[in-house]
2 protein chains.
Amino acid sequence: MLTAQRKALLLDRLHAEGRLVARGLAEELGTSEDTIRRDLRELAAEGLLTRVHGGALPASPTHRPMRERSNMEVSAKQRLGVAGAALIRPGQTVILDGGTTHLALVQALPATLAATIITHSPTIAAALEPFARLEVIVIGGRLMRHSMVALGAATQAGFAAIRADMCILGVTGLHPEAGLTTGDHEEALIKRRMVQSAGETIVLATPDKIGAASAFQIAGLEEARIITTGEPPDWLPRAQHLRA
Amino acid sequence: MLTAQRKALLLDRLHAEGRLVARGLAEELGTSEDTIRRDLRELAAEGLLTRVHGGALPASPTHRPMRERSNMEVSAKQRLGVAGAALIRPGQTVILDGGTTHLALVQALPATLAATIITHSPTIAAALEPFARLEVIVIGGRLMRHSMVALGAATQAGFAAIRADMCILGVTGLHPEAGLTTGDHEEALIKRRMVQSAGETIVLATPDKIGAASAFQIAGLEEARIITTGEPPDWLPRAQHLRA
DNA sequence: CTGATTCGTGCAATATCACGCATAAGCAAG
DNA sequence: CTTGCTTATGCGTGATATTGCACGAATCAG
């Protein structure tokens with residue numbers, strides 16, 4: 001049995017059964033337990049599974065790809081997307097942040113819209129391909145894996161050289177005192193720059209963001225126009241609420 | 001036993017049994033193990049199989065359902081993708097052009113490759129999302145709709161600030177006199193810049209590009225390492241040709 | 001707390017690998 | 001036919017990978 005083949009089999013098995021037990025596999029594959037443990041250790045080092053006492057479990061779901069995260073709250077995201085898309089008028093220049101809500105916004109854009117979209121998310125840019133009359137500007141930089149947006153000095157400089165009519169911003173928390181926040185420091189820096197480069201800032205907020213505060217502040221609540229679904233809390237007086 | 005005949009037999013056997021063991025094949029075919037290993041090494045370089053310790057496994061990318069390995073025919077693009085993916089060594093910095101062939105290359109990348117990929121194609125960048133250990137640098141600019149790559153002065157400047165080990169370049173024509181060409185002037189400018197920013201240039205050419213010439217020259221044939229499928233024309237002496 | 005598993009590491013035996021070199025076979029030009 | 005070149009092959013050698021075992025530490029179950 002080839003080593004690489006055995007490892008592939010282990011991954012297959014893990015995918016099929018959800019867990020691996022070292023002892024049983026050693027007997028089944030006719031090798032020593034040490035060999036199996038070594039395999040599991042190496043696969044774990046490659047991030048392909050999580051090592052536990054006695055065997056292994058699937059890789060931790062904490063940094064799963066974005067497309068799996070987009071399952072939840074489909075309807076709320078779609079309604080927010082439609083509302084956001086309606087805000088973009090022909091001829092405008094709009095900065096569009098990354099994220100699944102904004103992907104839904106792209107899906108809701110009219111096919112013949114003629115406007116300029118500026119984004120630092122390759123996912124968003126790729127989704128804009130079918131819109132023949134859109135001008136799309138990509139802001140480059142080092143790609144952050146989790147959120148799939150460009151970050152760093154180059155991105156900062158790219159946004160600094162731009163003036164847009166509107167910025168549609170993604171956040172992870174809206175809090176009465178903390179304001180608009182996000183969980184990554186570098187992301188916060190870029191988002192702050194995006195707000196500065198736009199005349200108006202829009203936030204499309206799913207209900208789970210309301211009242212939450214992440215570590216790094218982007219701006220105060222009063223600096224953005226908030227659009228959300230569900231019940232309006234009393235500390236969000238200016239927000240626009242979509243009914244279900 | 002002719003070399004080509006033996007290689008064909010190896011591929012047949014791999015297809016039938018799902019794996020190859022070097023030692024057993026040497027005995028069975030009455031040759032030395034070195035010869036078998038040499039064959040496997042060469043077939044791996046053509047992307048037709050994956051070399052592992054002790055033998056070889058099918059070239060099927062790891063994140064594709066491995067059950068259907070036997071019946072699906074690999075297209076020329078996929079084989080070029082596999083061959084191109086095999087060129088990227090861990091730790092390297094690689095400029096990757098846009099286009100469907102390079103999308104196939106991304107599909108063929110090993111899931112745990114640790115390298116730096118630089119691209120001005122948001123489509124390519126988005127496809128790189130699942131590769132946890134890749135560093136991805138996006139070069140920004142105005143997006144050209146047809147080819148979905150960033151162009152313009154910002155893109156030019158972005159590539160100018162970079163030195164990569166390798167550039168995997170897309171072209172629309174390879175011609176004995178016109179060299180490497182493309183159909184858009186601005187694209188040609190950027191591609192020229194990409195070639196200058198890399199130590200080595202690779203072109204993965206589908207057969208329809210061979211002998212074709214578009215309006216704008218990027219570089220001479222001799223400046224790039226050409227990898228293609230099908231019959232080699234006599235004016236492409238240095239190219240590497242993948243067997244069917 | 002205690003016994004039993006399981007884990008990680010070091011180690012040695014074996015298998016496999018890549019590279020260089022020499023030999024032999026095939027081939028084309030003279 | 002001879003010469004020179006290329007290609008394929010086998011072998012030696014040092015390097016690398018894999019495996020099983022021993023042993024002490026860590027972890028789990030009752």
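Residue numbers start from 1 in every chain, and the chains themselves are labelled A, B, ... in the order their sequence lines are given, proteins ahead of strands.
Distance CD1/A/I139 to OG1/A/T155: 8.0 Å, rounded to 0.5 Å. Taking NE2 from B/H102 and CD from B/Q107, the interatomic distance works out to 13.5 Å, rounded to the nearest 0.5 Å. Distance check, rounded to the nearest 0.5 Å: CG of A/L40 to OG1 of A/T35 gives 10.5 Å. Note that CG of B/L180 and NZ of B/K209 are 11.5 Å apart. Values are rounded to the nearest 0.5 Å.
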Pairwise N/O distances under 3.5 Å, protein to nucleotides 9-11 of chain D:
unit_1, atom_1, unit_2, atom_2, d
D/dT9, OP1, B/T3, OG1, 3.4
D/dT9, OP1, B/R6, NH1, 2.8
D/dT9, OP1, B/R6, NH2, 3.3
D/dT9, OP2, B/T3, OG1, 3.4
D/dT9, OP2, B/R6, NH2, 2.8
D/dG10, OP2, B/S32, N, 3.1
D/dG10, OP2, B/S32, OG, 3.1
D/dG10, OP2, B/T35, OG1, 2.4
D/dG10, N7, B/R38, NH2, 2.8
D/dC11, N4, B/D34, OD2, 3.1

Under 3.5 Å between N/O atoms: give me all the protein pairs with nucleotides 25-30 of chain D, atom names plus distance.
none

Please enumerate all protein N or O atoms sitting under 3.5 Å from an N or O of nucleotides 22-25 of chain C, with distances to 0.1 Å.
none

Test log, rule side chain to side chain contact (heavy atoms under 4.5 Å, CB included), inputs B/I137 and A/L143: CA-CA 6 Å; B/I137 311 284; A/L143 210 57; over 6 Å; no
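To the nearest angstrom, P of D/dC21 lies 12 Å from CZ of A/R37. Distance B/L40 CG to C/dT16 P: 13 Å, rounded to the nearest Å. Rounded to an integer number of Å, the gap from CD1 of B/I36 to C1' of C/dA18 is 16 Å. Across the protein-nucleic acid pair, A/E27 atom CD and C/dT6 atom P stand 12 Å apart, rounded to whole Å. Atom pair B/L25:CG and C/dT16:P shows a separation of 12 Å (rounding to whole Å applied). One can place CZ of B/R51 at 10 Å from C1' of C/dA18, the figure rounded to the nearest angstrom. When the P atom of D/dT18 is taken as reference, atom CG of A/L43 falls 12 Å away, rounded to whole Å.
Under the 4.5 Å side-chain criterion, counting only non-hydrogen atoms from C-beta, B/L113 is in contact with B/I88.
By the 6.0 Å contact criterion, CD on A/E27 is open, its count of non-hydrogen atoms from other residues, nucleotides or ligands being 12 or less. Within a 6.0 Å sphere centred on CZ of B/R133, heavy atoms belonging to other residues, nucleotides or ligands number more than 12.
Residue B/R23 places at least one side-chain N or O under 4.0 Å from the OP1 or OP2 atom of C/dT16. Residue A/R41 places at least one side-chain N or O under 4.0 Å from the OP1 or OP2 atom of C/dG8.
Looking at heavy-atom distances under 4.0 Å, A/V52 makes contact with sugar-phosphate atoms alone, never a base.
Using bins of under 30°, 30° to 60° and over 60° for the plane-to-plane angle, the ring pair B/H120/B/F159 lands in the perpendicular bin.
A side-chain donor from one of B/S147 and B/E187 sits under 3.5 Å from a side-chain acceptor of the other. For the residue pair A/K191 / A/T182, no side-chain donor-acceptor distance below 3.5 Å is found, with atom types taken as modelled.
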